[in-house]
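Reckoned from all heavy atoms, side chains included, excluding hydrogens, waters and symmetry mates. Below, read A as the first sequence line, B as the second, and so on, with proteins coming before strands; counting in each chain starts at 1.
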Amino acid sequence: MTSDNHTLLQITALSKHFGGLPALSQVNFRAARGQVTALIGPNGAGKTTLLNCLSGVIRPDAGEILFDGVNIAGLAAHRLARLGISRTFQNLRLFPRLSVLDNVLCGLTIQAGDSLLEALLRLPALRNRERRLKLQALEALDTFGLADKAALPAGALPYGDKKRVEMARAFVSQPELILLDEPVAGLNPEETAQIAGLIRQMRMYGKTMVLVEHDMEMVMGVSDRVVVLDGGCRIAAGSPAEVRVNPLVLEAYLGRMSVTA
Amino acid sequence: MGTWGKSKLFALRHRTGLAVWVLAVILLGTPLVITNPYNLGILNLIGLYVIVVLGLNLFIGYAGQISLGHAGFFGLGAYGSAVLTATYNFPAWPAMALTAVVMALLALALGVPTLRLSGHYLAMATLGFNYVVHAIFVQWDQVTGGPSGLSGIPPLSLCGLTFDSDIKFHYLVWTAALLALTLCLNLVRSGVGRGLAALAQDEVAAATMGVNVQRAKVLVFVLSAVFASVAGSLYAHYFGYVNPVPFSIFKSLDLVIMVVVGGMGSIWGTLFGVGLITIMPHLLDFFETYMDIIHGLILVVILLFLPQGFITGLVDLIKIRLARRRLAGSGSES
């Protein structure tokens, strides 16, 4: 399978079983560079499993994941992060005891370097780099409207703020691909609109995103393309307008209906 | 900006470095106040344990792992130096370095398979390691001198100065301890340190940030073993004598209690934890008689009420309280 310059992510025949249960069966999926591709489907459709395969949290059983033309299926999470894939989590996974700023700085782990000796000796190069990274993190906090909360422990923030800290942490390193797992779950309409605005803003900066979300209004508002999963299989794909009226999709969400034309 | 403002900014920016210097100056003058050799000896012992517990606290508090075997590394450091210098007349400093390198390799060999384990399994594996090490000290008579130990270990000397008294050793051990403290403070203020703090709180999230979780754990384990080994070597040269008793699994538990009192991941808290636990039995006979019971009680009570350890737990509580107050005060939009 070739990957043209337009396609950043090309998944072919991806499968994952848990015990005897298929979570993903032969799923094909494509995400275009600089676009927001939404992944929707009822609970248990395999959306989070797909994101987990993409971020190395779990290993797929079979299939190919071409990222920028390279097969990355089965690579460890930290190696995928190095390639420029970052993500947020459905149930927040902040580091609650670290400050908001340090949480976002964790998103710059790769840029910070991993030499133990350099860290122990705190060499001048490291000092300068730390200063630069701190500025970069503060900038991201500013973008996500958290500048005044940088010094607070992340665990003490209200839920909506935590969601935005996680997004800032995923975006701060300017990754190639960002996976957003239900970024507005549990948020009120006002906060949801704020997150949708941030996603649109990131898209304007040219970021490629894969969005898993249940809030259809939000999905339809920010996505370029929508892929629908049901029971581990891909059942539809297309523009938001096309997917909205696809009978297979309606059936998956609402149950079998007698479609009278 | 006035001079006052500038110096305030300087102090804020270099607060960690300044704090280490203040501590250094205090320790420089300590022997003028604590003149009693017995008390100075206790302070020296604190210095030795600070080195071990700093490393162990990185492993427990930062990497989020558990070791019940660090007295084993401490003991191997002591016996390594003792055997090399007393039995084989090896020069002391190279012996210390060689022992530390061997300890690093041993920790690497031990860490790579065992750090795939977690929780109870890792605790059991490290406990087993300490048990075996202690058994070797007791049983391998020809080399270790068995239960009666090894004597005749020469004191360390540097540039013609021999560290053969409590006061001289005070300066040596605390130089080493402050060096270890500085290294740890440097580490935790780096990306590597943040990666460790992150993986202690959530391994999956840390991995998706690019932290090589397995490598990071092994590195810190090796580092903590080297710290323990160097402290052990200093111990051997200070007392001139080693026996198996202070390197049993019970000492490992004491070291963990020091970490817990100091607080998981608190570098400065380590000084408090080591100080309190080391001084306690010397304060009152009561504490000495019932030491094990008191240690157990301290451990249980702290872990029940402040699972992050005493100092860290308190600091966290205060931070969260302040944060909540600020968020409430600013009428947070959510």
A:D148 side chain near B:R326 side chain, heavy-atom distance below 4.5 Å | yes
Of all the heavy-atom pairs spanning A:L116 and B:V192, show the shortest one and how long it is.
-> CD1-CG1, 4.3 Å
Cut-off 4.5 Å, heavy atoms of chain B, and the answer for A:R97 is both
Does any heavy atom of chain A fall under 4.5 Å from the side chain of B:R189, the backbone, both, or neither of them?
-> both
Scanning both residues in full, the closest heavy-atom pair of A:A119 with B:S190 reads CB-OG, 3.3 Å
Residue part contacting chain B, namely of A:L187, when any heavy atom lies under 4.5 Å | neither
Heavy-atom check, side chain of B:V213 versus side chain of A:H78, under 4.5 Å | no
Whatever's closer than 4.5 Å to a heavy atom in chain B on A:S115 counts as backbone
Heavy-atom contact with chain A under 4.5 Å, split by part of B:N212 | both
Which atom of B:V204 lies closest to which atom of A:F89, heavy atoms considered = CG1-CE2, 4.2 Å
Bottom line for B:L185: the part with an atom under 4.5 Å from chain A's heavy atoms is neither
A:A156 versus B:A323, closest heavy-atom pair with distance | CB-CB, 3.7 Å
From A:L101 atom CG to B:R194 atom CZ, the distance as rounded to the nearest 0.5 Å | 8.0 Å
Hey, are the side chains of B:L327 and A:P158 touching, using non-hydrogen atoms and a 4.5 Å cut-off?
-> yes
For A:E217, does the CD atom have more than 12 heavy-atom neighbours from other residues, nucleotides or ligands under 6.0 Å away?
-> no
Which one, B:I320, B:L219, B:L322, B:V211, leads in non-hydrogen pairs under 4.5 Å with chain A?
-> B:V211
Heavy atoms of other groups near A:F171 CZ, more than 12 under 6.0 Å | yes
May I ask you to decide if B:L187's main-chain N or O and A:R122's side chain share a donor-acceptor pair within less than 3.5 Å?
-> no
Heavy-atom proximity to chain B below 4.5 Å, by part of A:R169 | side chain
A:L108 side chain near B:M209 side chain, heavy-atom distance below 4.5 Å = no
Which atoms of A:P175 approach chain B - backbone, side chain, both or neither, heavy atom under 4.5 Å = neither
Checked A:R82, A:R79, A:E130 vs chain B; the most non-hydrogen pairs under 4.5 Å come from A:E130
Heavy-atom contact with chain B under 4.5 Å, split by part of A:L126 = side chain
Shortest non-hydrogen contact between B:T208 and A:A77, atoms and distance | N-CB, 4.2 Å
Decide side chain to side chain contact (heavy atoms under 4.5 Å, CB included) for B:L223 and A:L120; before the verdict, give the C-alpha distance in whole Å, the side-chain angles of both, and the deciding distance to 0.1 Å.
-> CA-CA 10 Å; B:L223 185 70; A:L120 286 171; 3.8 Å; yes
